[in-house]
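Report on the following structure.
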Amino acid sequence: MRLAIISDIHSNLEALTEALTIISAKKIDDIICLGDTLGYGANPRECLSLVQSVTGHILRGNHDEASVDISKTEYFNRYARFAAEWTHKQLTPEEMEFIKRLPSSIELYGLLFTHSSPFEPDEWHYIVSYDDAKINFPLFSAPVCFIGHSHLPGIYCEDRITRDIVPGKKYIINVGSVGQPRDNDPRLSFGLFDTETLKYENIRAEYDIDSAAEKIIKAGLPKSLALRLYDGK
Ligand code: ZN
């Protein structure tokens with residue numbers, strides 16, 4: 001089974017369209033979306049509908065949650081809060097109902113998928129180091145747990161050293177962000193995983209940032225949300 005794992009699209013239709021074009025050119029059996037389809041960008045409804053058209057495996061992220069229930073933005077910075085409130089106004093009641101019912105983690109094909117972390121997945125903890133990752137390994141039995149949330153692609157092995165995926169060890173893999181990369185590389189990021197060979201590949205690709213950024217500004221969203229796309233921050 002060849003899987004594409006996408007996350008943190010953040011209403012960036014240009015990045016999502018490019019990611020799906022790359023995915024459709026490869027032999028992929030299934031797509032899993034780890035959440036934060038919404039928030040920050042100018043095309044929340046289009047992104048949600050496009051993701052729904054390619055997969056039934058969609059998780060809820062903290063920005064999806066906040067876009068439906070804006071009381072959940074208290075820990076957001078003012079730009080993220082503004083974007084959540086703006087997104088909330090765009091969504092139809094049906095779309096909000098759909099998002100509310102999404103799970104924050106799923107087990108599929110013998111693997112675990114979650115937006116933030118196996119530990120308290122609805123509390124949105126970040127895993128950005130081995131020290132963050134290590135308390136999570138005893139909490140799942142699958143060989144690999146795929147995450148998003150930090151927008152920082154990375155592989156954490158329970159033995160702290162191994163980078164290639166080998167049988168008998170546990171891994172937490174962050175696939176990075178399709179729509180708002182933050183590792184100083186503005187190219188979109190997602191993951192491909194082969195459940196038989198255990199081969200994992202992090203895909204990076206350029207997309208039409210100009211168009212995504214222009215739409216953010218035209219929508220009246222904070223300009224900084226457009227500019228950060230160019231910096232990958
Ligand atoms: Zn996110």
Side-chain angles (χ1 to χ4, degrees), residues 4-16 19 31-48 50-51 55 57-70 72-88 90-91 99 102-106 113-118 120-129 132 145-154 172-191 202-204 207 209 212-213 216 221-222 224-229 231-233:
I5 306 109
I6 57 176
S7 190
D8 296 274
I9 294 156
H10 285 297
S11 306
N12 185 334
L13 184 61
E14 286 70 19
L16 175 60
I31 300 174
I32 296 104
C33 173
L34 302 181
D36 275 6
T37 304
L38 309 177
Y40 292 125
N43 289 113
R45 300 189 61 219
E46 294 82 356
C47 287
L48 182 60
L50 188 50
V51 169
T55 180
H57 308 304
I58 307 172
L59 300 182
R60 175 173 39 86
N62 53 319
H63 287 260
D64 302 321
E65 179 182 79
S67 299
V68 169
D69 178 357
I70 48 176
K72 298 276 171 67
T73 59
E74 76 270 4
Y75 58 92
F76 278 20
N77 67 41
R78 63 194 166 114
Y79 303 115
R81 189 179 305 127
F82 188 101
E85 287 168 1
W86 182 89
T87 303
H88 182 73
Q90 315 300 315
L91 298 174
I99 292 158
L102 294 176
S104 55
S105 45
I106 44 165
F113 302 87
T114 190
H115 182 69
S116 61
S117 67
E120 299 181 336
D122 292 298
E123 297 299 321
W124 317 117
H125 301 294
Y126 285 95
I127 298 176
V128 293
S129 68
D132 298 331
C145 170
F146 289 95
I147 61 167
H149 194 40
S150 72
H151 303 202
L152 303 172
I172 292 172
I173 299 180
N174 192 317
V175 299
S177 168
V178 170
Q180 195 196 73
R182 292 182 192 159
D183 58 343
N184 300 311
D185 179 347
R187 294 175 303 164
L188 67 84
S189 175
F190 65 93
N202 179 219
I203 304 290
R204 301 302 297 257
Y207 70 95
I209 296 181
I216 286 172
L221 286 157
S224 61
L225 298 181
L227 296 178
R228 69 189 295 177
L229 298 177
D231 299 328
K233 282 183 181 158

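Counting convention: from 1, in listed order, for ligands and their atoms alike.
- Looking at residues two or more places apart in sequence or on another chain, you find a side-chain contact (heavy atoms from CB on, under 4.5 Å) between D69 and S71, K72.
- Using a 3.5 Å distance cut-off with no hydrogens or angles, the side chains of S104 and D122 do pair a donor with an acceptor.
- The distance from atom OG of S116 to atom NE2 of H125, rounded to the nearest 0.5 Å, is 7.0 Å.
- Annotation: cation-pi geometry satisfied between R228 and Y40 (NZ/CZ under 6.0 angstrom from ring centroid, within 45° of ring axis).
- Of all protein atoms, those that are N, O or S and lie under 2.8 Å from the Zn ion (ligand 1) total 4.
- The main-chain N or O of D36 is found under 3.5 Å from a side-chain atom of D64 such that the two form a donor-acceptor pair.
- Contact of the L91 side chain with the S67 side chain is registered, since non-hydrogen atoms from C-beta on lie closer than 4.5 Å.
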